[in-house]
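Keep in mind that what you see is a predicted model, and the values were worked out from it rather than measured. We count residues from 1, following the sequence as given.
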Amino acid sequence: FALTPFADASGLDRSISAALTADRAATDQLVAQLREQGPNGLAALTQHFATDLAAIRQSPRTSSPDQQRLRALIDATAAQKDAAFSELFWFTDVERAKAAAAAAGKPILSLRLLGRLDEERSCANSRFFRTVLYANESVSGYLRDHFILHWESVRPVPKITIDFGDGRTMERTITGNSIHYVLDSTGRPIDALPGLYSPAGFLSLLKRTEAVVGTLAAFNESSFQRNLREYHAKTLLSADEERRSAFAKAGVAEAATRRMVVTPAAGAFSAAEAGVLAKSKRVVEMPLVAATNRLRQLSSITDTDWTKVAAAYPPTAALDANSRVLFASKQPADKTSEAVQAALTAFERTLAEDTARNEFVLHARLHEWFATGTAPAALAELNEKVYTELFLTPSSDPWLGLAPADAYSALEGDGLVRR
């Protein structure tokens, strides 16, 4: 690198020079110093290497050793893998995130995932987030300007290695899901976006929820909770109408005889059973009950049906140029450009389906929880409910559903090892 001094008087240029010569102590010291400055520390680093970052984003496969060290330095400073493509700073301490949010007057976007966001093999959804959402220039720009970012690992991600016996192995992660919570600056949950969305769908939901955060800020605690329930009740009705329209356009019936995709835990209230909303907002009581009942009628609709529904659902699932470069860089080196394009086309199709499923089923269920007051006000409790009842991977199951009690493997100890 042709290093030039920082524009400010911090003297970080000397630390960068040392860090890029593979001095681990110097690197750790520099990362700690930059992270202490929050998003400004990452911004100083990326601005200093703007030319190099542009080259990396142009052709990540041909990165030089120096560029690879720079990518690692940026990742460590951002606390996010592939941060050279997103330039997003993530807090890993929620209290620091809340302090930063209060100082900046911004809401918090708090990610929960299996594994770590700063490691290559975090859970699949979080890896997709890095490629599809955080690398998207419109999404990353909006996140930098409007949110304070935070992530926390729910538990380690299960990894699996398949040895083909001829020198080839396949290393993947298995199971797990991720969710973005929108919090106000005090850490109160306002909404949650479960699973993977298209960039357009994700950005639309961020903008809508950010506006709600601003509206709710003026209320005291009791009024805050009441208005939050009313917002989610109205949003559930709107989402129900949007879903019915998409299903109708796709020619897919929501048959009442079909099995639900998501079932509430025993003792959980439904909109029909909860009187909280009906007492204060009778005008929406019956439509809300109808929306909830229709939600419960959604079944394990076939993949073919979901493909039709996704095609009728407005948000585009196309990746932008920045994400496409990162997507291609993750493909095997010997893959032809035609094969990479085919993989991209297939991925965008499944991305559209995930967007429709998550918005019409999982997010609708979350709206119902908030609307009926059954969503815990504390984030930790809400997250436990999400992973237990929505993602069906409760913390009480250490094997994440991969070792069902009634399955016989014919392996010693059922093949389970506890260290």
Side-chain angles (χ1 to χ4, degrees), residues 60 82 85-86 113 121-140 170 172-180 193-206 239 242-255 258-259 261-262 295 298-365 390-392:
D82 295 323
F85 284 81
S86 70
L113 73 158
R121 288 181 176 83
S122 58
C123 63
N125 263 353
S126 58
R127 299 197 304 271
F128 296 151
F129 296 162
R130 293 194 296 252
T131 302
V132 174
L133 300 179
Y134 309 153
N136 180 281
E137 292 185 334
S138 295
V139 172
S140 62
M170 178 186 292
R172 299 285 175 87
T173 62
I174 186 170
T175 198
N177 213 329
S178 307
I179 184 168
H180 291 93
L193 311 181
L196 181 62
Y197 281 81
S198 68
F202 189 69
L203 190 56
S204 175
L205 291 170
L206 287 179
E242 191 175 38
R243 185 182 71 244
R244 284 192 291 165
S245 175
F247 272 65
K249 289 179 182 178
V252 176
E254 299 183 52
R258 289 176 166 178
R259 181 176 58 82
V261 171
V262 180
L295 178 60
L298 286 178
S299 75
S300 49
I301 294 171
T302 66
D303 287 343
T304 300
D305 282 347
W306 276 117
T307 300
K308 295 176 183 177
V309 171
Y313 189 47
T316 175
L319 274 60
D320 74 350
N322 205 40
S323 288
R324 287 198 297 271
V325 171
L326 183 55
F327 178 95
S329 75
K330 300 290 185 180
Q331 303 293 317
D334 59 354
K335 205 167 192 176
T336 66
S337 58
E338 292 80 9
V340 171
Q341 181 57 49
L344 175 62
T345 300
F347 178 76
E348 288 179 337
R349 183 172 60 250
T350 61
L351 176 59
E353 293 170 18
D354 278 345
T355 301
R357 288 178 193 254
N358 291 333
E359 186 59 13
F360 292 159
V361 181
L362 300 185
H363 199 189
R365 179 67 66 204
L390 207 62
F391 293 160
L392 306 180

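Taking each heavy atom of L113 and S122 in turn, the nearest pair found is CD1-CB, 3.9 Å. Across every non-hydrogen atom of A312 and A246, the tightest pair is CB-O, 3.6 Å. For the pair L390 and P194, the tightest heavy-atom approach, listed with the atom from each and the gap, is CD2-CB, 4.3 Å. In plain terms, the two heavy atoms of Y197 and L205 that are nearest each other are CE2-CD1, 3.4 Å. Taking each heavy atom of V132 and N136 in turn, the nearest pair found is O-CB, 3.4 Å. Across all non-hydrogen atoms, the minimal contact from A317 to L351 is O-CD2, 3.3 Å.
Under a 3.5 Å cut-off, the side chain of E348 and the backbone N or O of L319 do form a donor-acceptor pair. N125 places no side-chain N or O within 3.5 Å of a backbone atom of G195 that could act as its donor or acceptor partner. Side-chain N or O atoms of S323 include none that pairs as donor or acceptor with a backbone N or O of D320 at under 3.5 Å. In terms of modelled atom types and a separation under 3.5 Å, the side chain of S126 and the main chain of C123 share a donor-acceptor contact. Side chain of S329 to backbone of L326: a donor-acceptor contact under 3.5 angstrom is found.
Using modelled atom types and a 3.5 Å distance limit, the side chains of Q341 and S337 yield no donor-acceptor pair.
A salt bridge between R357 and D303 is present, with a side-chain N of the basic residue lying under 4.0 Å from a carboxylate O of the acidic one. A salt bridge links D82 to K330: one of the charged nitrogens lies within less than 4.0 Å of a carboxylate oxygen.
Here the side chains of R243 and Y313 are not in contact, with every heavy-atom distance at 4.5 Å or above. F391 places a side-chain heavy atom less than 4.5 Å from the side chain of I179. In this structure, Y134 and F85 have side chains that are not in contact, with every pair of non-hydrogen atoms separated by 4.5 Å or more. Side-chain atoms of F128 and S178, non-hydrogen and from C-beta on, never get closer than 4.5 Å to each other. By the 4.5 Å heavy-atom criterion applied to side chains, W306 and V252 are not counted as neighbours.
Taking OG of S204 as the reference point, atom CD of E359 lies at 8.5 Å (rounded to 0.5 Å). Taken to the nearest 0.5 Å, the CG atom of L133 stands 5.0 Å off from the CZ atom of F202. In this structure, CZ on R349 lies 12.0 Å from CG on D354, to the nearest 0.5 angstrom. Taken to the nearest 0.5 Å, the CD atom of Q331 stands 10.0 Å off from the OG1 atom of T336. Summarising the geometry, atom CG belonging to L203 is positioned 9.5 Å from atom OG belonging to S198; distances are rounded to the nearest 0.5 Å.
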Inset, instruction - Any chance you could lay out the side chain to side chain contact (heavy atoms under 4.5 Å, CB included) test for N322 and E137, step after step, and finish with the verdict? - result: CA-CA 7 Å; N322 205 40; E137 292 185 334; 4.0 Å; yes
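Between F129 and H180, the ring planes are tilted. Angles from 30° to 60° get that label.
Enclosure of atom NZ in K335 by more than 12 non-hydrogen atoms of other residues, nucleotides or ligands within 6.0 angstrom is indicated.
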